[in-house]
Protein chains: 2
Amino acid sequence: MELSDRKRAILQAIIEDYISTAEPVGSRNIAKNHDLGLSAATIRNEMADLEEMGYLDKPHTSAGRIPSEMGYRFYVDSLMHRYSLTMDEISSLQRSMDRKYNQLENVISEISDIISKVTNYPAIVELPAAQKSRLRNVRMMLIEKGSVLIVVVTDAGVVRNRHINVSDNIDYEVIDSISEFLSTQLTGLAADDFTAARLMLIYEAMAQYGEFLKVVIEFVLECLGNSENRVYIGGASNILNNPEFENIDRAREFLSFIDRRENVSNMLRLSGEGVDESISIKIGSETGVEAMRDTSLVVASYSVGDKLHGKIGIIGPKRMDYARVVSSLELINGKLSEILGRMLYGEDRKDDKNGF
Amino acid sequence: MELSDRKRAILQAIIEDYISTAEPVGSRNIAKNHDLGLSAATIRNEMADLEEMGYLDKPHTSAGRIPSEMGYRFYVDSLMHRYSLTMDEISSLQRSMDRKYNQLENVISEISDIISKVTNYPAIVELPAAQKSRLRNVRMMLIEKGSVLIVVVTDAGVVRNRHINVSDNIDYEVIDSISEFLSTQLTGLAADDFTAARLMLIYEAMAQYGEFLKVVIEFVLECLGNSENRVYIGGASNILNNPEFENIDRAREFLSFIDRRENVSNMLRLSGEGVDESISIKIGSETGVEAMRDTSLVVASYSVGDKLHGKIGIIGPKRMDYARVVSSLELINGKLSEILGRMLYGEDRKDDKNGF
DNA sequence: GTTAGCACTCATTCTCTCCGAGTGCTAACA
DNA sequence: TGTTAGCACTCGGAGAGAATGAGTGCTAAC
């Protein structure tokens, strides 16, 4: 059954009032504050209908109405109009992100701070990770006698290294030749390509360094494996600014859920399923998580290059300003892709100052 | 003025009762539950004295007494007896830390989880960092045409890398020779040794690669600079389990303080001043932080090798089980040094499986 | 179809009282 | 002189009503 225009207008008015006040909204208030040209009594009738249809709930008989999850869903899908950030907001956001970052971890934690500051909600930022990557290069270097550093670079631009000890009589040349050998043998391979047969060939070719090769290859495989998307949470305490979390037990339940990163990253994984647009909104129980029953999750997906993907998002009360959150996330998301691209794949060729 | 043995015993009884119940303790309870051989009235008199001397506070006339900060301080310094973890506790702790860690960030976040699980308080873990380090090695490698990776290793065992783009006509040999050159020129230097004169020499020797060298050297300096001690916080929501944080405003104040890493790391810095023992306890206002007025900070310092230092600790209500916290932290602290040592400086030579 | 009016509901707030844990003081006791 | 019993007093907290008022649903009139 379709909603009449009048019902839509009333539903929208109720949801928006509720979003801004967090109080159940009554017919009288709608009649007074919104120019619908209707009396409270009429609105009352419509509200009764909307409740019957499942768009509204009533906390108790003598309170006003609040949106149901179905109501929010309808609002988000059909009623919400895009919110445009003001030029001021945009430029201040841009400015706050326009600084030099030197480490990945720093970017991620700063961005999560920015998101939570802008939205006033707890923010989530996932480290970029690749589903399936190929080896771009593996190198070993002798740091000093007995101490070797393995450096692995994947085609996603991710660099990792590990330090191992070897016996003292291994010198620069040996390391270099192994390094050279492995590099030519393995470059371009994905984890799946490390077949027993191929490994056998490698071990045979350099039989005397078997143990050492094994360690290196193990590490390479580890780097090529599905890297978990590590996740940062910023401004978790922001949730306490919302009246729905005045209750200390609710607050504790939510915060201890959020405290465990794996909870959040599992939830993010679920939330991405079957979503093709770049922004996904999960309302209350749609998140599939009990501790999130009073909150919504808004997530944007970013890409760096064509291999690395990650997500940023916020968690807020179901009663949140979705429109504003969505536009803020979109803006930050774009900027983040840029920053990470520069960082992981080097400066843009065009204004390249490192060439010579 | 010295405290009589009887006063000490009473003070201790009061503090320990308060620690376990979180309720102001009255004279009757002390008389009943502790075998001091004194009547409530006598204890009442002693309590009045202790209050006058500043060791106890009274929330209001008709409540029992609670320890003042001075009381806690005296308890921690003179009354507290060491708590020994049971064998069970120890072995379960050992077990939970005995797994293979592959990335520094993982160790840190797992350890903070373990601390907060064991103590039931919010945990703090600082990444190990060096005050002043020397360059152990710098290398460049051509990942593919136009793309160079710089790898820097400091004598603290820290490895960092950066990716930069260069023009396409730079080949393997060029990179190798620059790498070789810089490595011999810079190895062993600290940030202070990068004098203008020395840099001039380097630039002159390889004038045609000036821009490139500049980028590399900037990066090296960045790696040698005082690395901030980045800090992780685990189980922040645990603080809500304590009755002193039933009040949502207190909880919010505390949690939003904790939410900002720089707050915590500043506080840690302060807390280390002038402390030579390995465990430092700051009670309430001793932390120097308004938001911590109801909480205490217990911190242990660890070292990896002789260059890297960091801290682990917990934040709990002033009314916390200091003895138990201290022994847990000591145990975890030792284990953490071990884990990090293995990780950053390679496996122990003795059971070295990588030699050949 | 819309609206005014009215009886009814119910969470919230307040006021008041009662209760009990705990104190401080005094007087008696060893 | 130190210890203890006894008693009056304090004061926060819990509980019971009562008052308040925002909001509803229904009915009857426009």
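Here is the naming used below: chain letters follow the sequence lines, and residue numbers restart at 1 for every chain. Remember, it's a predicted structure, so these values are computed and weren't measured experimentally.
Stem regions for DNA chain D, each three or more consecutive Watson-Crick or G-U pairs with both distances under 3.5 Å and listed by first number, read C:1-30 with D:1-30.
Near DNA chain D, meaning a heavy atom under 4.0 Å away, there are no residues from residues 240-251 of chain B.
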Can you name the atoms? Protein N/O to nucleotides 28-30 of chain D N/O, anything below 3.5 Å, with the distance.
none

Pull out every protein N or O sitting under 3.5 Å from an N or O of nucleotides 13-19 of chain D, one pair per line with the distance.
none

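Screening residues 113-125 of chain B for side chain to side chain donor-acceptor pair (under 3.5 Å) gives no qualifying pairs among residues at least two apart or on separate chains.
The backbone N or O of B:Tyr83 sits less than 3.5 Å from a side-chain atom of B:Ser327, completing a donor-acceptor pair. When atom types are taken as modelled, the side chain of A:Asn242 and the backbone of A:Ile239 share a donor-acceptor pair closer than 3.5 angstrom. Proximity of a side-chain donor or acceptor of A:Arg65 to a complementary backbone N or O of A:Lys58 within less than 3.5 Å is not detected. Formation of a donor-acceptor pair under 3.5 Å by the B:Ser68 side chain with backbone atoms of B:Gly54 is found in this model. Remark: the backbone N or O of B:Tyr72 is not paired with any side-chain donor or acceptor of B:Lys318 at under 3.5 angstrom.
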- Which letters describe nucleotides 21-27 of chain C, given B = protein heavy atom under 4.0 Å from base, S = only from sugar-phosphate, - = neither? BSBBB--
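Ion pair B:Glu244/B:Arg250 not flagged as a salt bridge, since none of the NZ, NE, NH1 or NH2 atoms sits closer than 4.0 Å to an Asp/Glu carboxylate oxygen. Salt-bridge formation is detected for the pair B:Glu46/B:Lys7: a Lys NZ or Arg NE/NH1/NH2 atom is positioned less than 4.0 Å from an Asp or Glu carboxylate oxygen.
Expressed to the nearest 0.5 Å, how far CG of B:Leu331 lies from CD1 of B:Ile114 amounts to 10.5 Å.
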